[in-house]
Amino acid sequence: MAVAQPWKRPELPDEPALKKMNDELHDLRLQAALPSARTIRDRIGKDAQGYWIVNHQAVLDTFQKPDRPHRGRLELIVAVLAEDAGRNDVGEEVDRFKGLWNQAVRETVTHASVQPPEETTAATIDDDVNGAAGPFEDLRKWAQDANEHAAEEPPASTEKPDTADQSTAQFNYAEEALKALIINTAQALWDDKDALKVFLGVVRRSEGFAKMADALEGNRPANATFYDVKSREFEVDRSAARLELVTLHRFLDQHRLKRKWSFTDLEEQTGISSDAWIRWYTHDELPEREALVAFSHMARLGLEDHVLLLGLWDAAHDALEVQKRIEALPSRIGFDEAWTMRAPGTPRLWALAGVGGDDLAAYGPDLASGTAPAFVVAGPAKSGRSTALANIARSLLAAGTRLVLAAPKPSPLRELADRDGVVACFFQDGIGHDELEEALPVTSTEEPVVIVMDDAELLGECDAGRRLQSRLEHGFDEGTALVLGGDEDKLRLSFGWLGRVKKAHRGLLLSPQKRNAGDLIGIKTGDSISGSPITPGRGWLHLGDGRLLAVTVPQ
């Protein structure tokens, strides 16, 4: 039997960022018990046609070649190694390597072998506008991006190109890209004549662009979209869907610019109009899936890149659908109005969690059914989880259900302490075993009691933990149920009786921040619904049916 061994690391003396990423990757493999390349390949798996998504040689190349690896391939390998290494948050480990990869990209740009003309290099522009504010900062980044595209390898050819011709082609592309950047910056500054004058003065310092500067001073330029530069009027608000679209477009650009295809070339080869391609690029719209399939055939992408391209499309499509569902929700709704939107004949232990769906109705769990008599409300601070718990408590009281309230920190639940039907309240940092026993009245399926608890992570190790666990295990028979809310991160890492609440496989996520937040409520979630800015009262409801529903929490 072969003994697992570390692999040889590539020599990268002049690329510290790439070396750091490669060293981290080798270290992660060591922590995963040194799996073989074929083992990693097998763990990544095959596509729908039965082909390996990443073959074993590609795995070895990722570790041993002194080149920046394919990002999609790197993410797949890191996810497998992180799982085998027993990491609690595989997604965070993948995100960490994305950051290392981005650093390596910036390092590559700095060392790009092909530069624009000496007078107009990115470095020269950087020196000229150093310290300037606004669009000049964007220009430095744009010029660096132009050098990166110029330095990319030309497409494979059956004839070996002449070295001088190849260099000239790359050289000209960098120069033309810089022209496009200057045009777009002038267009963006047109209404600010002082800033425009300063900018064109900088451009005139390079003799080769002086005439262009003169022309731009008197005539407002059009948008130079054919050079992969988009004017600011096309920018959209940052969102999960926006990030997915940018990732997809970057992948397309990687192959389009490498082959120096114009949008007219795309029209001729794919049968999709150049106007459609331009619109998708300039407005950050999602291309048609059929267009991407045609692009893949046109570029003769390998199986791995073809699968990745369609996977990026699926992710962007899902993110856009999520965004549409969120945008369709009411921005605000009161409890009384939401209460009238519940379905007729709702069970006694039905609780109002939020309003949403195509029919814009009230939704919530039936605590008398499911895999466990429990429901979780999770989210970061200021996401509205205490308000959601108060709504649930009010809806149960309205149906005649008795409640026990627990709120170790200030919470809207405390305002319900005097309501009819509230049989006990715990507002201290802990709950004693005897205290809970004495407070709970006699319960049955005909006369149930629901314990509603805010900031539950503070009570995870209370003396009443064993009794709370028993209620979770036997609540259906004893006529009890538990609704709790708390911090997303702290609940996700909870053990003991608090950890057993996850067995209910249902709950409400408010502004989830981690891609695996869905583990708390029994459903897989990903980047499309996580990481967005905290919006109080906006959440995702899972009722144990495998469907994630966007909802607005009543105020």
Side-chain angles (χ1 to χ4, degrees), residues 1-12 15-105 107-108 153 244 247-248 250-251 254-255 296 300-315 514-516 518-519 524-527 530:
M1 178 180 294
V3 179
Q5 296 180 354
W7 289 328
K8 182 180 178 181
R9 305 189 183 197
E11 297 291 336
L12 297 165
E15 299 177 271
L18 184 58
K19 184 177 188 305
K20 175 177 173 59
M21 182 183 72
N22 187 268
D23 287 343
E24 293 277 356
L25 189 62
H26 281 272
D27 292 343
L28 183 58
R29 177 174 175 259
L30 178 63
Q31 296 168 24
L34 299 175
S36 68
R38 284 184 168 82
T39 298
I40 296 173
R41 175 201 68 184
D42 294 347
R43 292 273 283 106
I44 294 173
K46 298 181 178 181
D47 64 7
Q49 285 73 41
Y51 294 99
W52 296 113
I53 295 174
V54 180
N55 63 46
H56 75 282
Q57 187 58 53
V59 173
L60 288 172
D61 289 346
T62 302
F63 283 85
Q64 297 181 323
K65 277 196 171 183
D67 304 316
R68 188 175 75 247
H70 189 289
R71 176 170 162 173
R73 180 186 304 163
L74 177 69
E75 292 178 18
L76 293 171
I77 293 172
V78 169
V80 166
L81 294 179
E83 288 181 6
D84 291 348
R87 298 293 174 87
N88 290 329
D89 196 326
V90 174
E92 287 186 359
E93 188 69 2
V94 172
D95 290 341
R96 186 171 72 87
F97 270 87
K98 286 182 184 178
L100 295 173
W101 189 90
N102 289 335
Q103 292 175 20
V105 170
E107 182 178 72
T108 302
E153 237 177 84
E244 300 285 357
T247 303
L248 174 62
R250 283 177 179 169
F251 182 91
Q254 175 186 346
H255 293 280
S296 178
R300 297 183 180 179
L301 298 183
L303 178 63
E304 182 179 332
D305 282 340
H306 178 77
V307 171
L308 177 59
L309 176 60
L310 296 185
L312 291 174
W313 187 92
D314 290 338
K514 299 295 179 64
R515 67 194 313 268
N516 59 349
D519 294 346
K524 291 294 183 182
T525 53
D527 294 331
S530 62

Expected output: side-chain [X] to main-chain [Y] donor-acceptor under 3.5 Å:
X: R73; Y: V59; answer: no
X: W101; Y: P69; answer: yes
X: N22; Y: F63; answer: yes

Please report the closest heavy-atom contact between [X] and [Y], naming both atoms and the distance.
X: F97; Y: L74; result: O-CD2, 4.2 Å
X: A58; Y: E304; result: CB-OE1, 4.4 Å
X: H26; Y: K8; result: CE1-O, 3.8 Å
X: N516; Y: N88; result: ND2-O, 4.2 Å
X: P10; Y: Q64; result: CB-O, 3.3 Å
X: V90; Y: A82; result: CG1-CB, 4.1 Å

Does the side-chain contact (heavy atoms from CB on, under 4.5 Å) test come out yes or no for L25 and L81, once each step is laid out? CA-CA 9 Å; L25 189 62; L81 294 179; 4.3 Å; yes
Would you call N102 and R71 a side-chain contact if the rule is heavy atoms closer than 4.5 Å?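 Side chain of N102 against side chain of R71, heavy atoms only: contact under 4.5 Å found.
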Distance, nearest 0.5 Å, that separates [atom1] of [X] from [atom2] of [Y]:
X: L303; Y: W52; atom1: CG; atom2: CH2; result: 12.5 Å
X: L100; Y: D95; atom1: CG; atom2: CG; result: 11.0 Å
X: D42; Y: H56; atom1: CG; atom2: NE2; result: 10.5 Å
X: T39; Y: I44; atom1: OG1; atom2: CD1; result: 11.0 Å
X: L76; Y: I40; atom1: CG; atom2: CD1; result: 11.5 Å
X: E93; Y: E24; atom1: CD; atom2: CD; result: 8.0 Å

Are K524 and D519 close enough, and set up right, to give a side-chain contact (heavy atoms from CB on, under 4.5 Å), and what steps lead you there? CA-CA 6 Å; K524 291 294 183 182; D519 294 346; 4.1 Å; yes
Between [Y] and [X], does any NZ, NE, NH1 or NH2 come within less than 4.0 Å of an OD or OE carboxylate oxygen?
X: R300; Y: D305; answer: no
X: D84; Y: R43; answer: yes
X: R87; Y: E92; answer: no
X: K20; Y: D23; answer: no

Side-chain H-bond candidate by donor/acceptor type, Q57 with D61, under 3.5 Å: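 A pair is found: one side chain offers a donor N or O, the other an acceptor, under 3.5 Å apart.
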